Novice: 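Let me begin by handing over the structure; questions about it come next.
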Amino acid sequence: MAHSSKKPSERVWDEASLEMLVKAEREDVETCHTRMDAQHNQCKFGTSGICCRICHMGPCRITPKSPLGVCGADAHTIVARNFLREVTGGTAAHSDHGRHLVLLLKKIAQGKASGYEIKDEQALRRAAQLYNIQETDRKAADVALDLANILLADFTAQEETLKTLTLAPVKQQKIWDTNQVAPYGIDRMIVESMHRSTMGVDHDYKNLLMQAFRTSLADGWGGSRIATMVSDIIFGTPMPIRSDANLGVLGRKTVNILVHGHEPELSDMLSIAIKDPQITAYAKAAGAEGVTLAGICCTANEILMRHGIPIAGSFLQQELAIVTGAVEMMLIDVQCCMPSLPQVAQTYHTEIVSTKAIARTEGVTHIEFDERNALESAKQLLKRAIDNYKNRDPKKVAIPKKRTPLVGGFSVEAIKYILGGKFRASFRPLNDAIIQGRIKGVVGIVGCNNPKTKVDAYINALTLELVKNNVLVLKTGCAAIASAKEGMLQPEAALEHAGHGLKEVCETVGMPPVLHMGSCVDNSRILEAATEIVLEGGLGDDISQIPAVGVAPEWMSEKAVAIGCYFVASGIDVILGQPFHISGSDKVTSFLNGEARNLFGASFHECLEPEQAAAKIIEILDAKREKLGINKKQERKLYDMQDRRALGV
Ligand code: BF8
Ligand code: SF4
């Protein structure tokens, strides 16, 4: 039953996953790979987007013999409606996460969230300035309360565009206004998208797709941007930090606790709680040497960035982590947590604990995390995991050796700092390196893994090729974890793999050629970085002019569809390694892959192979460089005052 048609080595790239997949097969444990096989050929109506089940006259499927649904909807309407609903789902996920953080900030400001504090007051004051909140001579709590209220208004605004949009370059905002895609309140956008895509409302595929872009902007420049900003205020703005990645981070003789999901409230508190000597003493009394905390998926990215807590694995390692037989507890919150986890855990002693009322799974223990009593709540969970250590079965334990060192923590603040130092923190050196041709451009590689293809294979092949070609790679999400496991997040990777120009830049500042910028909501950091590049000058006055591209190589989530759309609407071309479910409509396909360019200066490109993607990316970067008049290697030039004035800096 658990044996699959493909060999494990055709499924996964890294050794640790391979070992665990073989073990899972041996122990007859099902994983997403075996279930993918059981799905056989996935439904063509679904993959081409022409299945509609929006009303109960259906479900309707479009075929040459039945080109219209019962209501008369054609393939274009159906594909566009389905697409809009995916973007809306993704936007809702990121934004609801953002909302929880703003509500937490508000509680902290009101003194109602014991255990939490404003860790980064500078980040709070920087944010306050961006929103024109008076912050000098005022207490942090008062400023935080004002900020929280303004951000909450970005969720509820009815006929005002998002305040957070004003953080984008001015010309970008004009482009959105011209195209009428500047979103109103985040919640309103989500409700309106659901309304417009229900039976009998919006049928014009273009109108629907424009709403998809508009909704996605409420994610990237709304919910996600807010989530990142507020996380930095509450938990600290990331700075470069060392750690390790892959299943080898699990301890042989320690109690292993994995945090999995997305929201940092609990995981951050656990990172603090494990340092308590009482907890270590409790673990020792249970016969262990201590406690190991590690992360899966984006929770891993959140606590890596701020605490250096190691990454156990990415999305498609969540089941394999349990297969090690060495995990006492896996805590799950929201998003990307597979409902299969309790089934995998049945073979081992792992206790799966859900912690959020909105995210429950049958067969797992539910312990609601109490924000008002956060530290105590976190300690209770740690003790419960320690109590489970006695149930570990040594015969079932096999922890892979593989763990790879990494440097993460590249927030925009951190990048400015490493480029310019404390007193001259700025993007200027990066812009100069791009203008001089030492760096060809900047590419964000983001998103998930997908068992449809060999895990990490595309991500790693493309990353290497780009780095060789002097492209600075920015990473988030599970794509960042792939690079972490591959050793590409170490400064040494530049010496070994980078092209001459990129190597020079990385060596000078001591940074890796691939920068880990955080979780998936932190894709907003990539937008922020793009904005900094524009503001720094010399590379155009809106994001579509800078040599930058986004890639989602092995994506699977609705969230990735939303991210892709807000990148395109922000002027960044997006390469997809997995196609959207839109092939059933030539009109939708040509709008997203072509006409969008006339509106935003960017569009989607399907490249199913990494070599094809690399070639396309280099073509796009060269074309942008050509337009900017910098497509030749220039000698390093020191800017004098006159040059700076000419650039408007
Ligand atoms: O939000 S990259 S598999 S963990 S969806 Fe999920 Fe995809 Fe990973 Fe993070 Ni992002
Ligand atoms: Fe069929 Fe139209 Fe109903 Fe969709 S909305 S299920 S196409 S009748």
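Because the structure is predicted, anything quoted here is derived from the model rather than measured. Both counts, for ligands and for their atoms, begin at 1 and track the order of listing. Along the sequence shown, residues are numbered consecutively beginning with 1.
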Novice: Do any of the N/O/S atoms of C55, backbone or side chain, fall under 2.8 Å from atom 3 (Fe) of ligand 2?
Specialist: yes
Novice: Taking non-hydrogen atoms only, is R81 closer than 4.0 angstrom to ligand 2 via side chain, backbone, both or neither?
Specialist: side chain
Novice: I'd like to check which ligand 1 atoms, numbered from 1 as shown, lie under 4.0 Å from a non-hydrogen atom of K559.
Specialist: 1 (O), 5 (S)
Novice: For atom 10 (Ni) of ligand 1, which protein heavy atom lies nearest, and how many Å away is it?
Specialist: C520 SG, 2.1 Å
Novice: With a 4.0 Å cut-off on heavy atoms, is S519 in contact with ligand 1?
Specialist: no
Novice: Parallel, tilted or perpendicular: which one describes the rings of Y205 and H76, with boundaries at 30° and 60°?
Specialist: tilted
Novice: E328 vs T350, test: side chain to side chain contact (heavy atoms under 4.5 Å, CB included). Steps then yes/no.
Specialist: CA-CA 5 Å; E328 275 58 52; T350 308; over 6 Å; no
Novice: Note the single closest protein heavy atom to atom 8 (Fe) of ligand 1, along with its residue, its atom name and the distance in Å.
Specialist: C478 SG, 2.3 Å
Novice: Please confirm whether H262 comes under 4.0 Å of ligand 1, counting heavy atoms of the residue only.
Specialist: yes
Novice: If you apply the rule side chain to side chain contact (heavy atoms under 4.5 Å, CB included), what do you find for T355 with I332, and how did you get there?
Specialist: CA-CA 6 Å; T355 53; I332 55 176; over 6 Å; no
Novice: Could you work out, for atom 2 (S) of ligand 1, the closest of C337, S314, G447 by heavy-atom distance?
Specialist: G447
Novice: For C336, which part has a heavy atom under 4.0 Å from ligand 1: side chain, backbone, both, or neither?
Specialist: side chain
Novice: Should the pair E263-K356 be classified as a salt bridge under the 4.0 Å nitrogen-to-oxygen rule?
Specialist: yes
Novice: Near M556, which atoms of ligand 1 are under 4.0 Å from a heavy atom of that residue?
Specialist: 3 (S)
Novice: Centre of F235's six-membered ring, under 6.0 Å away, within 45 degrees of the axis: is that where NZ or CZ of R306 sits?
Specialist: no
Novice: Taking only heavy atoms of M199, which atoms of ligand 2 are found under 4.0 Å from at least one of them?
Specialist: 5 (S)
Novice: Determine whether K452 and Q42 make a side-chain contact, defined as any pair of heavy atoms from C-beta on separated by less than 4.5 Å.
Specialist: yes
Novice: Enumerate the atoms of ligand 2 whose separation from the nearest heavy atom of C71 is less than 4.0 angstrom.
Specialist: 2 (Fe), 5 (S), 7 (S), 8 (S)
Novice: Name the closest protein heavy atom to atom 7 (Fe) of ligand 1, giving the residue it belongs to and the distance to 0.1 Å.
Specialist: C448 SG, 2.4 Å
Novice: Centre-to-centre under 6.0 Å for W555 and F315, is that the case here?
Specialist: no
Novice: Just so I know, are the side chains of P451 and L316 near enough to count as touching, which here means a heavy-atom distance under 4.5 Å?
Specialist: yes
Novice: Just wondering, do V514 and T463 contact through their side chains at under 4.5 Å, heavy atoms?
Specialist: yes
Novice: Kindly indicate, with the supporting measurements, whether the criterion side-chain hydrogen bond (donor to acceptor under 3.5 Å, both in side chains) is fulfilled by E413 and T237.
Specialist: CA-CA 8 Å; E413 285 304 307; T237 303; over 6 Å; no
Novice: Please state which protein non-hydrogen atom is closest to atom 4 (Fe) of ligand 2 and give its distance, to 0.1 Å?
Specialist: C52 SG, 2.3 Å
Novice: Using a 4.0 Å heavy-atom threshold (strictly under), name the region of Q335 that reaches ligand 1: side chain, backbone, both or neither.
Specialist: neither
Novice: So for ligand 1, is S557 a polar contact partner (N or O within less than 3.5 Å, distance only)?
Specialist: no
Novice: Considering only protein heavy atoms, which is closest to atom 1 (Fe) of ligand 2, and at what distance to one decimal place?
Specialist: C60 SG, 2.3 Å
Novice: Which ligand 1 atoms are under 4.0 Å away from a heavy-atom of F315?
Specialist: 3 (S)
Novice: Determine whether Q490 and V407 make a side-chain contact, defined as any pair of heavy atoms from C-beta on separated by less than 4.5 Å.
Specialist: no
